[in-house]
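Only a predicted model underlies this, so the values are computations on that prediction, with no experimental measurement involved. All values below come from the heavy atoms of this structure, side chains included, with hydrogens, waters and symmetry mates left out.
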Amino acid sequence: MRRIVVCGESLIDLVPTAPAGDTRASGWRALSAGGPMNTAIGLARLGNPVEFLGRLGDDAFAGQLRRHLAANGVGTALAVDAPQPTSLAVVSLDEAGKASYTFHFAGTANFGWRADELPELGADDWLHVASLVTVVGPGRTALLDWVRAGSGPLSLDVNVRPTVLPDLAAYWALVEPWLVAVGQRGGLVKGSDEDFELLAGASGLPTDPEALVVALRERYGATWAVVTRGPDGAVAAGPEGVASVPSPSVALVDTIGAGDTFMAGMLDALVVAGLPLADALRRGAAAAALVCEREGADPPTRAELDAALG
């Protein structure tokens with residue numbers, strides 16, 4: 001079975017709990033998180049061999065992240081022990097359960113990549129890169145140079161966070177070289193409709209999802225382009241044409257990890273199982289729906305996903 005190497009950040013989501021009743025304090029749950037780590041765990045729970053390529057810090061939160069990866073069968077042989085603290089994301093949930101994030105990244109472990117920390121991968125390894133490591137320094141340049149020098153299959157989850165870099169033209173200037181790299185390696189690019197709408201002014205790409213996936217393939221040469229649409233499903237373009245699927249109905253708890261879990265289901269179905277594009281979209285959407293019915297990023301197992309799909 002093909003090994004998938006997931007490269008990117010792991011962090012702690014601080015999610016609000018019930019008010020403590022004491023104005024000197026508030027209640028928070030510290031949940032293991034980070035989009036790439038969520039995808040790695042989602043892939044492992046679906047039965048895939050997965051290695052996490054990330055920089056893990058030296059504090060108590062980093063110990064929690066290591067235990068979480070190990071408990072879910074994600075390998076850490078490629079991970080780097082970094083002498084910095086763990087990144088934090090403070091989560092705000094609106095009345096519908098949709099999450100927004102305020103990040104605390106300065107001086108943290110995730111973003112200090114150096115060239116000598118990055119491994120040589122096997123010819124058959126599938127590399128998946130996401131999301132903030134592509135735009136947050138100082139390590140983004142070393143990481144991009146490493147990806148450009150590689151030749152194996154590659155996927156990218158764009159995952160725009162304007163609170164990290166509010167200048168969206170500057171954000172696009174950092175994202176676009178990654179799209180070029182995906183095209184050069186014949187891979188897959190995925191983002192949400194909101195991601196590409198935020199970048200549309202600088203990118204010149206269409207915002208209509210069906211036109212967008214076609215344009216991404218034509219401009220950058222990716223084999224597959226995927227756009228998720230939240231409750232409206234997902235659309236993709238590939239060698240077989242354009243496909244779209246609706247989202248299953250959900251009893252929403254929160255949207256934390258939904259896009260990351262979609263990515264895991266999509267890669268498992270398309271890259272590992274070789275399913276048709278529409279079937280891969282359907283499995284990705286079903287996996288994302290299941291995680292939306294749980295608190296935080298808690299991806300389904302293969303048995304749970306198969307049961308949800310009937």
Any side-chain heavy-atom pair of F111 and L132 under 4.5 Å:
yes

For T207, what residues pass the side chain to side chain contact (heavy atoms under 4.5 Å, CB included) criterion, not counting sequence neighbours?
E197, A200

Extract all donor-acceptor atom pairs below 3.5 Å that involve side chains of residues 148-155 and protein atoms in other chains or at least two apart in sequence.
residue	atom	partner	partner atom	Å
S155	OG	W126	NE1	2.9
S155	OG	H128	ND1	2.8

Given side chain to side chain contact (heavy atoms under 4.5 Å, CB included), test L179 with L156 step by step and report yes or no.
CA-CA 8 Å; L179 300 179; L156 171 72; 3.8 Å; yes

Please check this pair: side chain of E210 against backbone of V235, looking for a donor-acceptor N/O pair closer than 3.5 Å.
no

OG1 of T86 to CZ of R55: how many Å apart, nearest 0.5 Å?
11.5 Å

Could I get the full list of side chain to side chain contact (heavy atoms under 4.5 Å, CB included) partners for A106, not counting sequence neighbours?
none

Got a sec, which residues hit salt bridge (Lys or Arg N to Asp or Glu O under 4.0 Å) with D94, two or more places apart in sequence or on another chain?
none

Any chance you could measure D193, atom CG, to L198, atom CG, to the nearest 0.5 Å?
10.0 Å

To the nearest 0.5 Å, how far apart are CH2 in W178 and CG in L144?
5.0 Å

Could you list all the side chain to side chain donor-acceptor pair (under 3.5 Å) pairs where at least one residue sits in residues 271-300, not counting sequence neighbours?
R29-E295, R45-D298, D279-R282, R283-D306, R294-E304

Ignoring hydrogens and geometry, is there a side-chain-to-backbone donor-acceptor pair from T261 to A288 under 3.5 Å?
no

CG of L88 to CZ of F105: how many Å apart, nearest 0.5 Å?
9.0 Å

Under 3.5 Å, side chain of T134 to main-chain N/O of A130, donor-acceptor pair present?
no

Would the distance check show the side chain of Q64 and the main-chain N or O of I12 forming a donor-acceptor pair, the cut-off being under 3.5 Å?
no

Please name all residues satisfying ring-ring contact (aromatic ring centres under 6.0 Å, His included) with Y101, sequence neighbours left out, ordered by chain then number.
F103

Quick one, V129 and L127 - any side-chain contact, counting heavy atoms below 4.5 Å?
yes

Test V158 against V160 for side chain to side chain contact (heavy atoms under 4.5 Å, CB included), laying out the working first.
CA-CA 6 Å; V158 176; V160 176; 3.7 Å; yes

Under the side chain to side chain contact (heavy atoms under 4.5 Å, CB included) criterion, do L281 and V226 qualify, and how do the steps go?
CA-CA 9 Å; L281 283 175; V226 183; 3.9 Å; yes

So, does S192 use its side chain to make a donor-acceptor pair with the main chain of D195 at under 3.5 Å?
yes

Could you check whether any side-chain heavy atom of V90 comes within less than 4.5 Å of a side-chain heavy atom of W28, counting everything from C-beta outward?
yes

Please identify each residue that fulfils side chain to side chain contact (heavy atoms under 4.5 Å, CB included) with P231, with sequence neighbours left out.
none

Kindly state each residue pair satisfying side chain to side chain donor-acceptor pair (under 3.5 Å) with at least one member in residues 215-238, sequence neighbours excluded.
E176-Y220

Side chain to side chain, L205 and L199, heavy atoms closer than 4.5 Å
no

Considering only distance and modelled atom types, tabulate donor-acceptor pairs under 3.5 Å from the side chains of residues 265-277, sequence neighbours left out.
residue	atom	partner	partner atom	Å
D268	OD1	N48	ND2	2.9
D268	OD1	R302	NH2	2.7
D268	OD2	R302	NH2	3.2

Which residue pairs pass the side chain to side chain donor-acceptor pair (under 3.5 Å) test with at least one member in residues 4-15, sequence neighbours excluded?
E9-S131

Output all residues satisfying side chain to side chain contact (heavy atoms under 4.5 Å, CB included) with L118, sequence neighbours left out; order by chain, then residue number.
L53, W113, L143, W146

Tell me, please, which residues at least two apart from D81 pass salt bridge (Lys or Arg N to Asp or Glu O under 4.0 Å).
R66

In the structure I gave you, are the side-chain heavy atoms of V91 and I256 within less than 4.5 Å of one another anywhere?
yes

Below 4.5 Å, heavy atoms only, C-beta onward: do D124 and R3 meet side chain to side chain?
no

Does the side chain of F52 reach to within under 4.5 Å of the side chain of V5, using non-hydrogen atoms?
no

Strictly distance-based, threshold 3.5 Å: is any side-chain N or O of R185 a donor or acceptor partner for the main-chain N or O of V147?
yes

Kindly say whether G296 contributes a backbone atom to a donor-acceptor pair with the side chain of D254 at under 3.5 angstrom?
yes

Can you tell if the side chain of N159 reaches within under 4.5 Å of the side chain of D260, non-hydrogen atoms only?
yes

